[in-house]
Every structure is written in C-alpha cells, then in structure tokens.
Amino acid sequence: MNCRHCHHPLQNVFLDLGFAPPSNAYLSKAELNEPERYYPLKLYVCEHCWLVQTEDYAQAGELFSHDYAYFSSTSSSWLVHAKDYSDMITKRLGLNKDSLVIEVAANDGYLLKNFVAAHIPCLGIEPTASTAAAAEMLGIPVLREFFGQSLAQRLVSEGKQADLILGNNVYAHVPDINDFTAGLKTALKSGGTITLEFPHLMRLIEHTQFDTVYHEHFSYLSLYSVSRIFKRAGLRVCDVDELHTHGGSLRVYGCHEEDARENAGSVDALLEEERLRGMRNLEIYQGFQLRAERVKDDLLLFLIDQKRAGKVVAGYGAAAKGCTLLNFAGIKPDLLPYVCDAAPSKQGKYLPGTHVAILHPDELHERKPDIVLILPWNIQDEVTQQLSHIREWGGKFAVAVPSVTLF
Ligand SMILES: [Zn+2]
C-alpha cells in the first residue's frame with residue numbers, strides 16, 4: 001500500500017488493533033445470531049510526509065452502507081462550541097449579507113443555524129439524508145453530496161465561491177484527502193478563508209488515545225502533515241488554534257498560497273513543538289503499540305478484579321471510542337454486562353463485536369451498578385454531572401484512557 005497523500009510505499013505500522021467490525025454497525029437482537037464482518041484495524045505512518053493512515057482493505061465501501069446518523073445537536077457542549085466559533089469567525093472575517101459560508105459535513109445544521117440567524121448566506125454539504133433534512137428544517141440550503149474536486153468545480157460553474165469554507169471533524173474522515181483539499185482550493189474565493197478542525201495526532205500520542213482509531217477515521221493529522229497537503233493543493237496554513245475538543249484538536253486556518261496575509265506566529269511555533277516532540281522521527285510512532293496494549297491490559301485487570309470482588313461495572317456511551325476499546329480488549333458481557341446511552345436510536349441494540357447490550361440511562365437507577373465506566377472520556381465532565389445521582393448508592397465513575405482511573 002502507498003501513502004494516500006504522497007504515494008510513497010508504507011512500511012511502518014503505527015498501531016495494530018487486530019480486526020474489528022465497523023464501529024457504527026449496531027446489532028438488533030435478531031442479528032446477534034448472524035455472522036459479523038470484521039475488517040483489519042491497522043494504522044501506518046508514512047515516513048516521507050508523516051501522515052498516519054488506516055490500512056486499505058477490500059470492501060471498504062461497505063462501511064458506509066450502514067446509514068447510521070449522528071446528530072451533532074444532541075451534544076449541548078458541542079452546540080456552545082459551534083456558537084462561539086460562529087461569533088468569532090464572523091467578527092474576524094467581517095462576514096455579512098454579501099458573504100458566502102460553506103460548511104462541509106453540515107450535519108443537522110448545528111452550526112450554520114448561527115449564520116442563518118445573522119443573515120449571512122450559507123450552504124451546507126451533507127450526504128446523510130436524515131441529518132440534511134434536519135438542517136433544511138432550520139432554513140439552511142443543503143447539497144446532499146460528498147465534497148471533493150468535482151463538486152467544487154460545479155459550485156464554481158454556478159458562480160458559488162466561498163468567503164469561508166469550514167469543516168469540523170470531517171477532514172480526518174475523508175478517504176481521498178488530496179481530492180478533498182483540491183476541492184477546498186477550487187471552491188475558495190480569492191482572499192477567502194478555510195477553517196478545519198480535527199483531532200491532533202500529537203495529543204493522540206501524548207495521551208495514548210488509541211481508542212479514537214476506527215475504520216471511518218482514515219487520517220491522523222499533525223500540523224506538519226496538513227501543511228504539506230495544503231501546500232500541494234496550492235493552499236497555505238496561515239494560523240492555527242489548539243482546542244480542547246476530542247482530547248486535543250487543531251483548528252487550522254487556510255488561505256490561497258498567494259494570499260497577502262502573513263502567517264501567524266502560532267504556525268511556526270507549533271510546527272517546532274511537533275518537531276521537538278519527535279513527530280518527524282520514527283521512534284515516537286514505533287513505541288505507541290506497547291503503550292496502547294498497556295492501557296488495554298490495565299483495563300482488563302481492573303474489570304476482572306471488580307468481578308472477583310462481586311462488583312458490577314456498567315458502561316456509559318455507546319460510541320466509536322467504546323467499540324474500539326472493548327473490541328481490542330476482547331471485553332464481553334461477562335465483564336461489562338451493559339452500556340447506557342442517551343440516543344434512542346441505539347437503545348435496545350447491541351454493540352458490534354462485543355455484543356454488549358445498550359440500555360436507556362434510566363436503567364442505571366434501576367440496576368444501581370457499583371461503577372460506571374465512561375467510554376467517551378472526552379465528555380467525562382458532562383457525563384459525571386448528568387449521572388451524579390449514582391453517588392446516592394455509593395456508585396463511582398471510572399475511565400480507561402489514558403490510564404484506568406476510579407473517582
Ligand atoms: Zn506520505
């Protein structure tokens with residue numbers, strides 16, 4: 001296999017999590033009796049451009065046949081994040097009724113609704129029908145397609161180029177990152193700005209966040225690799241913010257290569273920090289597998305200890321992170337009998353691979369588990385507040401990443 005960006009042969013494995021089913025392939029009770037498809041879950045690092053990427057395998061397209069829709073608006077903290085961003089970028093770029101804002105992966109309109117409210121013209125790109133329909137209900141025009149060079153060229157032919165193109169948590173999820181980036185270049189007005197948010201590979205490594213790896217997450221990005229990908233497309237990273245979302249994300253600001261803007265000092269400073277931390281040497285990547293295994297082993301020991309002590313551990317949050325962690329660790333219902341999740345679409349189903357039942361959060365009150373293991377550690381504060389009532393029966397919380405912690 002060759003690097004998806006620079007096409008050099010990939011020779012170095014960064015992380016091998018074995019085989020796993022697609023993380024969003026929740027099972028009905030009837031489907032528990034059917035065979036499940038597992039795919040390799042392995043990441044390579046390119047020692048030429050330092051892009052970390054999933055291994056190619058046959059039938060990758062099947063992953064997307066599961067039309068599971070995540071509605072961004074269900075997370076209150078994410079809505080606040082979107083509103084703060086909209087206010088900041090409107091002021092910073094001086095956006096007004098003559099501007100055009102395009103959001104790639106506009107989801108249910110959780111973000112663009114802020115531009116609608118401010119009378120700034122916008123366009124959402126969103127291939128998932130159910131979320132696109134929700135966005136349209138908010139008055140947001142939506143193109144139900146995948147973004148790339150061909151869509152961007154069509155937009156240009158219709159006289160649509162954007163003052164702002166934004167993409168939150170989509171850049172790491174596109175299979176062809178070169179084509180996507182070329183599309184950004186094409187659809188961007190002269191003097192326009194791109195902002196992209198994605199988890200920062202430097203933080204993934206620092207905090208052993210191996211559970212953020214899943215099949216649909218194709219690229220694991222550093223500022224260095226993104227700068228290279230932008231450059232090849234005729235774009236330039238002109239500023240960067242470090243965010244706390246998803247365990248440590250970057251928001252990069254891009255412009256045309258020839259734009260008059262000078263780069264903010266934060267760009268060179270962060271490139272230098274990445275370099276000093278060894279992000280352009282193989283060693284840091286080669287040492288990651290053992291660190292991931294250590295976390296996995298510690299979680300297994302913890303769950304076995306609790307079981308032998310007669311305690312019940314329940315899970316909370318039936319999302320991709322939990323699926324990756326439980327599958328890698330081989331944790332089945334004997335160690336984790338159920339996991340609760342607030343999304344009605346998941347309740348009554350089972351986690352792929354591990355077959356752990358997904359229940360309504362009210363079940364915690366009925367069953368009173370001794371410990372609630374929070375699987376999406378990135379929303380740990382939100383979850384501990386929402387579930388504070390477990391303290392009434394002496395319940396405790398736990399997280400597994402970056403290390404097993406009971407509190
Ligand atoms: Zn490469």
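Both counts, for ligands and for their atoms, begin at 1 and track the order of listing.
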May I have all residue pairs that pass salt bridge (Lys or Arg N to Asp or Glu O under 4.0 Å) and include part of residues 129-144, sequence neighbours excluded? E136-R144
Any salt bridge (Lys or Arg N to Asp or Glu O under 4.0 Å) pairs touching residues 217-239, not counting sequence neighbours? R92-D239
How are the rings of Y285 and W50 set relative to one another: parallel (under 30°), tilted (30 to 60°) or perpendicular (over 60°)? parallel
Please list all pairs passing the salt bridge (Lys or Arg N to Asp or Glu O under 4.0 Å) test where one or both residues lie in residues 94-107, with sequence neighbours left out. none
Look at E31 together with R37 and state whether they make a salt bridge at an N to O cut-off of under 4.0 Å. no
Any protein N, O or S atom under 2.8 Å from the Zn ion (ligand 1)? Found C3 SG, C6 SG, C46 SG, C49 SG
Applying the side-chain contact (heavy atoms from CB on, under 4.5 Å) criterion to H5, which one of I229, V226, D176 satisfies it? I229
